[in-house]
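A short worksheet on the structure shown next.
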2 protein chains.
Amino acid sequence: MSDLLERLRGRGWRMTAQRRVVAEVLDGEHVHLTADEVLARATARLPEISRATVYNTLGELVTLGEVIEVSTGRAKRYDPNAHRPHQHLVCSGCGAIKDVHPGGDPLTALPDSERYGFTVSAAEVTYRGLCPDCTARG
Amino acid sequence: MSDLLERLRGRGWRMTAQRRVVAEVLDGEHVHLTADEVLARATARLPEISRATVYNTLGELVTLGEVIEVSTGRAKRYDPNAHRPHQHLVCSGCGAIKDVHPGGDPLTALPDSERYGFTVSAAEVTYRGLCPDCTARG
DNA sequence: TCCTACGATGGACGAAGTCCAAGTCAATAC
DNA sequence: GTATTGACTTGGACTTCGTCCATCGTAGGA
């Protein structure tokens, strides 16, 4: 088990069976799950868990900065890899997502003259294209 | 009136009152409307237009590359400014969106070693922060 | 062990988007 | 101008994704 649960407990997060299961599901597989997928995997471990709780917990983890919310298609996806800056490569055909790690901070690419007085805090970069399988399929 | 309608006609787009109205709505205001906002403005000009037609037409314009789909919040937004490369600055407080035009093509920032065999065709960059109003409100 | 405030539940609700069978019409041919 | 036809439109049902809320349960401190 990673230290995600430790970190959360250390930040005063009240630990419940439900929250633990959701955190474990996210922490366990470094893929990008939708809320429904998280619910399915959580239900496998704790059948009584409710949808509202999964949504609540995911929202809290995002607020705490432990998980990143990614909107690439219809449903939001949740990325547990929040501790290392990275970007996403999304297949327009099948929706597959891969993490990529280019160098440089995209935030620095935005000059003050283009900030319109905004307090800019983050930059998301999403590359779109076709994965090898979808490229082959035409 | 711009040449959007001309371009579409030239590409063999069958012109109907509904499609013309949707294209005019998008072309008229350089803001980032949701599908429902497009429907509302279109309905003002052509009361019988249906929601399905607005969605269909928006989808076609996106496929044709005349409009860009932007997913920044709950609902997708449609950006008619597809002919000039640009990026988006989004307020996390109120959802306002501004176009920004930094130099350089973000696609070149992704080395081949990070492409995993994908045929990469586009890069979207979204800057997030607080607009001046929301910054002031704390 | 008891208290209590915080968290979980589940079912209703709402927003955004898709689908489909039937009707309509733009563009072409005559 | 009329006929033809296949593409376009309609509207309402349906699906998916997400939120809300009143009520119940329980983690963690006293």
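Numbers restart at 1 for each chain; the letters A, B, ... are given by sequence-line order, proteins then strands. Computed from heavy atoms alone, side chains included, the values below leave out hydrogens, waters and symmetry copies.
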Quick test: give all pairs of protein nitrogen or oxygen and nucleotides 4-6 of chain D nitrogen or oxygen below 3.5 Å, distance rounded to 0.1 Å.
unit_1	atom_1	unit_2	atom_2	d
dG6(D)	N2	Arg14(B)	NH1	3.4
dG6(D)	N2	Arg14(B)	NH2	2.7

Grab the [atom1]-[atom2] distance between [X] and [N] for me, whole Å please.
X: Glu37(A); N: dG18(D); atom1: CD; atom2: C1'; answer: 15 Å
X: Tyr55(A); N: dT9(C); atom1: OH; atom2: P; answer: 15 Å
X: Arg45(A); N: dA8(C); atom1: CZ; atom2: C1'; answer: 19 Å
X: Met15(A); N: dG28(D); atom1: CE; atom2: C1'; answer: 13 Å
X: Arg19(B); N: dT24(C); atom1: CZ; atom2: C1'; answer: 14 Å
X: Lys76(A); N: dT19(D); atom1: NZ; atom2: P; answer: 5 Å
X: Leu39(A); N: dT19(D); atom1: CG; atom2: P; answer: 14 Å
X: Arg20(B); N: dA27(C); atom1: CZ; atom2: C1'; answer: 14 Å

When Tyr78(B) is tested against each of Ile68(B), Leu33(B), Val31(B), Val62(B) for side-chain contact (heavy atoms from CB on, under 4.5 Å), which residue passes? Val62(B)
Is it true that Thr119(B) and Thr135(A) share a donor-acceptor pair across their side chains at a distance under 3.5 Å? yes
With no hydrogens and no angle check, do the side chains of Asn81(B) and His32(B) hold a donor and an acceptor under 3.5 Å apart? no
Under-4.0 Å side-chain N/O to phosphate OP1/OP2 contact, [X] with [N]:
X: Thr16(B); N: dA26(C); result: no
X: Gln18(B); N: dC25(C); result: no
X: Thr53(B); N: dT10(D); result: yes
X: Arg74(A); N: dT15(D); result: no

Please tabulate the protein-to-nucleotide N/O contacts below 3.5 Å involving nucleotides 21-23 of chain C, giving atom names and distances.
none

Toward the 5' end of DNA chain D, by each residue's nearest nucleotide, Arg9(A) or Leu46(B): Leu46(B)
Beyond-backbone contact of Glu114(B) with Lys98(A), side-chain heavy atoms, under 4.5 angstrom: no
Mind checking whether Trp13(A) and Thr57(A) have side chains closer than 4.5 Å, heavy atoms only? yes
Donor-acceptor pair under 3.5 Å, Arg51(A) side chain vs dG10(C) base: no
